[in-house]
Amino acid sequence: MTRRRLHALAALLAFAAPVLAGPAPAPAPAPKPKLAVVISVDGLSYARLESYHPLYTAGLKRLLDEGFVERAARYGHLNTETGPGHASLGTGAPPRVTGIVLNSWFEQGEGGALRNVYCTDQKDASGKKIAGPGNLRVPTLGDRLVEKFPAARVVSVSAKDRGAIFLAGKNPAHAVYWWDGETGRFQTSAAYKPSAAEAAIVKRYDDTQAGGFLPARLGLVWDRLPEPAGVPGAKPVPTAVPLSVIARYQLPVHGVGFPHDLSTYGRIPAGGPYGYFGGIYRSPFIDVLTADLAIAFLNDPALRLGQGDAPDLLAISFSGHDPVSHDYGDESDEARDALRRLDLQIGRVLDALDAAFPKGTVLVALSADHGFPMMPEVAKALDKDAKGGRLETGRDTLNNDRERLNRLLDDTLCLDRSARVVGAMDGWNLFYSRASFPFRTVAGACGPAGSPVTAADVDRVLPGVVRQAWGEEVEDVVLVSQQKAWPDTPTLAFVRNDFDAERSGDAFVIPRWGVQSSYNPGRGSMHGTQYEYDIHVPLVFWGAVKAGASNAATAPYDLAPTVGRWLGVALPDAVGKPLDLPQ
């Protein structure tokens with residue numbers, strides 16, 4: 001073959017090679033964006049959410065109308081509080097697994113004295129106390145997500161540290177931010193090391209919209225939103241309990257009745273930082289700031305949350321409804337206005353998601369950490385046959401019930417009245433002064449002075465003393481020392497789900513219906529029981545699901561496993577189960 005023919009053949013083969021090999025492979029498709037958004041509304045019962053449905057115009061309306069609603073989601077643990085509830089939502093497990101049994105509990109400190117432990121207390125490398133996830137015993141959904149997809153991002157924002165921390169988890173790479181009531185800015189702690197891009201978002205927000213900018217942005221007055229326009233033939237919009245009935249039982253930190261002056265907060269002490277920033281925290285306006293920051297994360301072009309190679313998680317805990325309900329009552333006009341305003345803020349978040357993500361690439365899951373009861377005095381004012389009451393344990397109560405209990409135990413056990421057998425009470429848990437055992441009797445009905453009194457002696461008399469003094473308020477006293485012999489009853493199931501051998505103290509006091517453990521005498525509201533008003537909360541999924549509803553028995557513990565399955569993540573520590581959502 002001549003050289004010319006060889007060149008011609010080579011050219012022909014080069015031309016034909018792509019044809020012989022087939023078409024070139026198509027470029028790999030760009031990764032499909034995927035974002036899960038977990039929203040917690042602090043203190044929102046299902047009954048309250050549904051009762052005000054006709055008032056909603058934005059986010060809550062869309063979630064209820066367009067989402068899949070689990071109508072029968074109930075917690076299964078006692079001490080339904082913010083810390084335990086958020087830990088359950090973050091992990092899919094009750095307090096017996098998470099270890100977050102209360103907002104705060106008591107442990108033996110140096111010298112044996114009881115030491116108060118707030119649920120997010122931990123120490124940094126220097127031994128300084130900081131807020132973090134150190135007390136959480138198991139990983140969260142966010143932790144498992146990053147474990148499986150190292151490129152995934154977890155962002156969590158809230159007014160409360162415990163709300164943000166327990167929805168995020170233990171991984172220090174998470175971006176976790178909460179409100180600082182002293183500076184009016186969002187902060188994190190040394191427990192977390194967010195990326196430079198995430199930290200820049202928060203700094204930019206703090207430097208341009210928070211802190212000293214808030215009076216101009218939000219004003220100094222909280223007035224109620226205008227009432228919705230009536231529709232001919234429609235049912236009347238739901239209203240709150242009238243001020244004439246409820247006012248005397250409120251803790252009016254912003255004064256009685258609208259409009260409320262936010263700058264006066266602190267004239268009536270209620271705990272926490274005082275002044276204008278404290279006033280913002282105990283109002284619906286704190287939810288505006290939480291939504292602001294969440295949307296800043298969603299809209300940041302450098303972060304591109306939910307747009308990367310791995311799925312991301314955004315957690316938002318809206319806190320405003322909780323302090324308003326504590327101070328003014330869940331049945332108040334103030335709490336009603338707080339939910340109407342929250343509806344608008346959730347609407348802003350959903351609008352931001354609509355603008356940034358194609359249909360089917362976002363799953364929103366909404367629930368709550370606990371519900372709220374009606375204040376017992378208001379219930380009595382509305383119905384003379386209403387049951388309920390208070391166990392007064394707050395510092396503002398002269399001769400509160402914990403002090404009365406100690407005096408009764410001293411008398412029963414023949415101790416000097418200065419003895420403090422029960423060193424502390426938090427939620428429905430009693431903690432003995434174990435460092436002082438054995439106490440010594442005084443001479444009298446029990447015989448000569450000096451006989452030892454041990455924890456076993458306290459266990460022997462405590463249930464009878466409590467029933468005799470508080471029989472109308474207390475259903476039972478459950479001793480931790482008898483834990484292995486606890487009977488299998490519905491009430492004890494709530495106690496078991498809240499029990500942690502290191503953190504639950506020495507006894508559980510089981511309240512009757514309508515009874516609150518109260519931090520203020522005769523005013524305000526408190527949650528934490530095993531009853532319907534505290535345990536029945538919303539569980540709603542929106543976005544990558546079809547609209548609908550179910551009356552099947554579910555639990556808020558199901559939220560994390562359900563979102564996890566959508567993200568492709570398993571939660572081996574969860575007690576809840578993934579729900580089959582309509583696609």
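In this structure the side chain of Ser45 never reaches within 4.5 angstrom of the side chain of Tyr533, judged on heavy atoms. The shortest distance between side-chain heavy atoms of Phe68 and Leu539 does not fall below 4.5 Å. With contacts defined as side-chain heavy-atom distances shorter than 4.5 Å, the pair Leu145/Pro311 qualifies. Pro139 has its side chain out of reach of Glu147: every pair of non-hydrogen atoms, C-beta onward, lies at least 4.5 Å apart. Looking only at side-chain heavy atoms (C-beta outward), Asn429 and Phe508 come within less than 4.5 Å of each other. A heavy-atom distance below 4.5 Å is found between the side chains of Ile39 and Phe318. Annotation: side chain of Val563 is in contact with side chain of Leu141 (closest heavy-atom distance under 4.5 Å). Residues Leu44 and Leu339 have side chains in contact (heavy-atom distance under 4.5 Å, counting atoms from C-beta outward).
Salt-bridge annotation for Lys61 and Asp65: present, with a side-chain N of the basic residue lying under 4.0 Å from a carboxylate O of the acidic one. Between Asp351 and Arg62 there is a salt bridge, with a side-chain nitrogen of the basic residue lying less than 4.0 Å from a carboxylate oxygen of the acidic one. The residues Asp180 and Arg185 are annotated as not salt-bridged, no charged nitrogen and carboxylate oxygen being separated by less than 4.0 angstrom. Salt bridge Arg162/Glu81: absent, no basic N to carboxylate O contact under 4.0 Å. Arg137 has no carboxylate O lying under 4.0 Å from a charged side-chain N of Asp573, or vice versa, which leaves the two without a salt bridge.
Within the 3.5 Å criterion, the main-chain N or O of Gly320 finds a donor-acceptor partner in the side chain of Asp287. Side-chain atoms of His527 never come within 3.5 Å of backbone atoms of Ile535 as a donor-acceptor pair (strictly under, hydrogens ignored). Although no hydrogens or angles enter the test, the distance criterion places no donor-acceptor pair under 3.5 Å between the side chain of Ser156 and the main chain of Val176. Of the possible polar contacts, one joining the Asn79 side chain to the Trp428 backbone as a donor-acceptor pair under 3.5 Å is found. The main-chain N or O of Pro490 is never found under 3.5 Å from a side-chain atom of Gln530 such that the two would form a donor-acceptor pair. Between the side chain of Arg153 and the backbone N or O of Leu303 there is at least one donor-acceptor pair closer than 3.5 Å. At least one donor-acceptor pair under 3.5 Å links the side chain of Tyr56 to the backbone N or O of Leu49. Checked by atom type and distance alone, the side chain of Asn135 pairs as donor or acceptor with a backbone atom of Cys119 at under 3.5 Å. Proximity of a side-chain donor or acceptor of Asp498 to a complementary backbone N or O of His77 within less than 3.5 Å is not detected. Checked by atom type and distance alone, the side chain of Asp369 pairs as donor or acceptor with a backbone atom of Gly43 at under 3.5 Å.
Once rounded to the nearest 0.5 Å, the distance linking CG of Asp500 with OG1 of Thr98 reads 8.5 Å. Note: Phe149 CZ to Leu313 CG = 12.5 Å, rounded to the nearest 0.5 Å. Atom CD1 of Ile165 is separated from atom OG of Ser317 by 11.5 Å, given to the nearest 0.5 angstrom. Once rounded to the nearest 0.5 Å, the distance linking CG of Asp476 with OG1 of Thr489 reads 8.0 Å. Note that the CG atom of Asp42 and the NE2 atom of His370 stand 4.5 Å from one another [nearest 0.5 Å]. Taking OG of Ser525 as the start and CG of Asp322 as the end, the distance is 9.5 Å to the nearest 0.5 Å.
Inspection of the Asp534 and Thr529 side chains reveals an N or O donor paired with an N or O acceptor under 3.5 Å. Residues Tyr432 and Asp459 have side chains that bring a donor and an acceptor to within less than 3.5 angstrom of each other. Between the side chains of Tyr118 and Asp161, a donor-acceptor pair is found at a separation under 3.5 Å.
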Identify every side-chain donor-acceptor pair in residues 574-583 under 3.5 Å, counting partners at least two apart or on other chains, and give the distances.
{"residue": "Asp580", "atom": "OD1", "partner": "Arg565", "partner atom": "NH2", "Å": "3.0"}
{"residue": "Gln583", "atom": "NE2", "partner": "Leu581", "partner atom": "O", "Å": "3.2"}

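Between Tyr177 and Phe186, the gap from one ring centroid to the other reaches at least 6.0 Å. Here the two rings, on Phe499 and Trp486, have centers that are under 6.0 Å apart. In summary, the aromatic rings of His326 and Phe372 are positioned with their centroids under 6.0 Å apart.
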### Query
What's the verdict on side chain to side chain contact (heavy atoms under 4.5 Å, CB included) for Val537 and Tyr46, showing C-alpha distance, side-chain angles and the deciding distance?
CA-CA 4 Å; Val537 298; Tyr46 180 79; 5.6 Å; no

### Query
Hey, mind stepping through Ile280 and Val288 against side chain to side chain contact (heavy atoms under 4.5 Å, CB included) and telling me if it holds?
CA-CA 10 Å; Ile280 291 294; Val288 177; over 6 Å; no

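Residue Phe357 forms a side chain to side chain contact (heavy atoms under 4.5 Å, CB included) with just one option from Leu305, Val37, Leu298, and that option is Leu298.
Counting non-hydrogen atoms of other residues, nucleotides and ligands closer than 6.0 Å to CD of Glu66 gives a total above 12.
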